[in-house]
Amino acid sequence: MFYEFVRPLICPFGEIEKFVPSKGEILDVGCGHGLFSKILAERSLDRQVTGIDPSEIKIRHARKYSHLKNLKFEVCELSDLINRKVRFDCIIVIDVLYLFPRREKGKFFEICRKLLKKNGSLIVVENGNGSGFIYKVLKIEETIMTRLFKFTFTKYEGLHFLSRDGYKRMLTELGFGVKTRINLKSFLPYPHFLLVVTR
Ligand SMILES: C[S@@+](CC[C@H](N)C(=O)[O-])C[C@H]1O[C@@H](n2cnc3c(N)ncnc32)[C@H](O)[C@@H]1O
């Protein structure tokens with residue numbers, strides 16, 4: 001309940017949803033409590049939405065939305081889907097990649113390429129990175145969430161923020177075509193950016 005109220009204040013889910021195709025197979029990686037997956041499924045019944053997350057506790061929470069016919073959740077990681085037949089029209093990853101070291105980000109994007117259909121798109125939403133005071137505050141806040149409270153699960157050491165242009169470069173080098181690159185409006189001093197790329 002608390003999460004449902006607070007999370008959309010921190011991350012503009014309503015804005016992000018507009019970039020997701022209104023139909024097809026949609027994968028929300030690191031879906032957490034499943035709120036964004038639920039919004040996707042509710043706003044278009046032509047979307048078949050799958051939310052995945054390695055955290056069993058979070059997926060247990062997310063499953064309270066499973067009454068929606070076009071929405072399902074699973075405890076797993078992206079690489080677990082490789083040997084399955086399903087391929088996606090859109091993969092979305094919101095506030096997850098800062099948990100991945102650079103090399104792992106690259107591996108993650110390579111797997112996304114394999115899991116996307118021919119004209120499929122990948123949407124990356126993150127807080128970005130900067131040298132200013134405000135990014136130091138962000139890093140402290142996220143370190144507390146992952147290390148102290150263990151509210152956010154991660155199997156990697158440390159946090160690995162990368163700027164919007166850093167992600168753009170990385171994705172371009174891996175052969176993705178950049179379609180959209182914007183900063184999302186927010187009352188926060190460190191707004192989210194959104195990148196839409198195609199394979
Ligand atoms: C800050 S939360 C974001 C949750 C959700 N995307 C949202 O925007 O509300 C980060 C999520 O990434 C998940 N996560 C951690 N390691 C992961 C991995 N290797 N693959 C996928 N998700 C992961 C965590 O369990 C957590 O739910």
Side-chain angles (χ1 to χ4, degrees), residues 1-20 26-43 49-65 71-82 84 88 90-115 122-129 135 137-162 167 184 186 188 190-195:
M1 210 42 193
F2 173 75
Y3 185 84
E4 281 175 19
F5 177 71
V6 171
R7 186 66 184 136
L9 295 178
I10 300 169
C11 188
F13 284 161
E15 272 302 296
I16 300 167
E17 187 269 340
K18 293 177 192 156
F19 292 89
V20 180
I26 314 292
L27 179 68
D28 182 9
V29 185
C31 65
H33 292 85
L35 189 54
F36 186 67
S37 304
K38 176 207 149 205
I39 292 170
L40 290 177
E42 272 181 346
R43 292 207 179 163
V49 182
T50 305
I52 62 167
D53 200 290
S55 163
E56 278 189 41
I57 296 173
K58 290 199 176 169
I59 290 296
R60 213 177 303 140
H61 281 280
R63 287 200 170 123
K64 70 172 178 276
Y65 304 129
L71 175 61
K72 61 176 189 271
F73 292 102
E74 200 177 326
V75 180
C76 71
E77 290 193 34
L78 191 68
S79 53
D80 298 324
L81 304 182
I82 281 288
R84 306 216 190 140
F88 298 93
C90 179
I91 298 176
I92 176 146
V93 55
I94 306 177
D95 281 345
V96 175
L97 292 172
Y98 70 95
L99 301 168
F100 289 41
R102 196 181 172 88
R103 232 172 85 92
E104 299 301 323
K105 289 186 198 344
K107 286 190 204 161
F108 179 91
F109 292 141
E110 297 280 13
I111 300 173
C112 286
R113 262 182 95 81
K114 292 187 183 139
L115 288 174
L122 166 66
I123 301 179
V124 175
V125 179
E126 285 279 308
N127 276 131
N129 198 8
Y135 284 99
V137 174
L138 170 69
K139 284 166 196 171
I140 292 169
E141 180 197 311
E142 290 298 345
T143 304
I144 291 170
M145 296 295 267
T146 50
R147 297 283 157 222
L148 193 66
F149 294 144
K150 301 208 185 299
F151 184 71
T152 305
F153 164 84
T154 178
K155 63 182 178 185
Y156 303 116
E157 282 297 316
L159 300 175
H160 310 271
F161 291 91
L162 186 63
Y167 276 105
L184 296 164
S186 164
L188 292 173
Y190 41 86
H192 283 87
F193 70 77
L194 177 146
L195 276 174

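Ligands are counted one by one from 1 in listed order, and the atoms in each one are counted from 1 as well.
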Chemist: Looking at ligand 1, does Tyr3 have a heavy atom less than 4.0 Å from it?
Modeler: yes

Chemist: In terms of atom number and element, which parts of ligand 1 are under 4.0 angstrom from non-hydrogen atoms of Tyr98?
Modeler: 1 (C)

Chemist: Just heavy atoms, cut-off under 4.0 Å: does Ile94 contact ligand 1 by side chain, backbone, both, or neither?
Modeler: both

Chemist: With heavy-atom distances below 4.0 Å as the criterion, list the atoms of ligand 1 near Cys31.
Modeler: 5 (C)

Chemist: For residues Ile123 and Leu195, determine if any side-chain heavy atom of one lies less than 4.5 Å from a side-chain heavy atom of the other.
Modeler: no

Chemist: With respect to Asp28, determine whether any N or O atom, backbone or side chain, lies less than 3.5 Å from an N or O atom of ligand 1.
Modeler: no

Chemist: What distance separates Arg7 CZ from His33 NE2, expressed to the nearest 0.5 Å?
Modeler: 10.0 Å

Chemist: Distance-only check: which donor-acceptor pairs under 3.5 Å involve side-chain atoms of residues 107-114, not counting sequence neighbours?
Modeler:
residue: Lys107; atom: NZ; partner: Glu104; partner atom: OE2; Å: 3.2
residue: Arg113; atom: NH1; partner: Leu174; partner atom: O; Å: 3.3
residue: Arg113; atom: NH1; partner: Gly175; partner atom: O; Å: 3.4

Chemist: So, 4.0 Å and heavy atoms of Cys11: is ligand 1 close enough to count as a contact?
Modeler: no

Chemist: Hey, does Gly30 come in under 3.5 Å of ligand 1, counting only N/O atoms on both sides?
Modeler: yes

Chemist: Judged by non-hydrogen atoms, does Leu35 sit under 4.0 Å from ligand 1?
Modeler: no

Chemist: Measuring only between side-chain heavy atoms, which start at C-beta, is Thr154 closer than 4.5 Å to Arg147?
Modeler: yes

Chemist: Heavy-atom distance to atom 8 (O) of ligand 1: which of His33, Glu142, Arg7, Glu56 wins?
Modeler: Arg7

Chemist: Do side-chain atoms of Asp53 reach the backbone of Ile59 as a donor and acceptor pair under 3.5 angstrom?
Modeler: no

Chemist: Over all heavy atoms of both residues, which pair between Cys11 and Ile94 is shortest? Give the atoms and the distance, please.
Modeler: SG-CG2, 3.7 Å

Chemist: Among all protein heavy atoms, pick out the one at the shortest distance from atom 1 (C) of ligand 1; state its residue, atom name and that distance to 0.1 Å.
Modeler: Asp95 O, 3.3 Å

Chemist: With heavy-atom distances below 4.0 Å as the criterion, list the atoms of ligand 1 near Glu77.
Modeler: 19 (N)

Chemist: Would you please test Glu126 and Leu162 for side-chain contact (heavy atoms from CB on, under 4.5 Å) and show each step?
Modeler: CA-CA 9 Å; Glu126 285 279 308; Leu162 186 63; over 6 Å; no

Chemist: Go through the structure and list residues passing ring pair (Phe, Tyr, Trp, His ring centres under 6.0 Å) with Phe161, not counting sequence neighbours.
Modeler: Tyr98

Chemist: Looking only at protein heavy atoms, which one is nearest to atom 21 (C) of ligand 1, and what is the separation?
Modeler: Pro54 CD, 3.6 Å

Chemist: Run through Ile39, Leu40, Val125 and flag the one making a side chain to side chain contact (heavy atoms under 4.5 Å, CB included) with Ile16.
Modeler: Val125

Chemist: If you count the atoms of ligand 1 from 1 in the order shown, which ones are under 4.0 Å from a heavy atom of Ser55?
Modeler: 25 (O)

Chemist: Does the distance from a Lys or Arg side-chain N to an Asp or Glu carboxylate O, for Lys64 and Glu4, drop under 4.0 Å?
Modeler: yes

Chemist: Where does Phe13 meet ligand 1, judged by heavy-atom distances below 4.0 Å: at the side chain, the backbone, both, or neither?
Modeler: side chain

Chemist: Under 4.0 Å from a heavy atom of Asp53: which atoms of ligand 1 are those, numbered in the order shown and with their elements?
Modeler: 11 (C), 13 (C), 24 (C), 25 (O), 26 (C), 27 (O)

Chemist: Counting only heavy atoms closer than 4.0 Å, does ligand 1 sit against the backbone of Leu99, its side chain, both, or neither?
Modeler: side chain

Chemist: Tell me, which protein residue and heavy-atom name are nearest atom 12 (O) of ligand 1, and how many Å apart are they?
Modeler: Val96 CG2, 3.6 Å

Chemist: From atom 20 (N) of ligand 1, work out which of Phe153, Phe100, Phe108 has a heavy atom at the shortest distance.
Modeler: Phe100

Chemist: Contact between His192 and Ser186 at the side-chain level, heavy atoms closer than 4.5 Å - yes or no?
Modeler: no

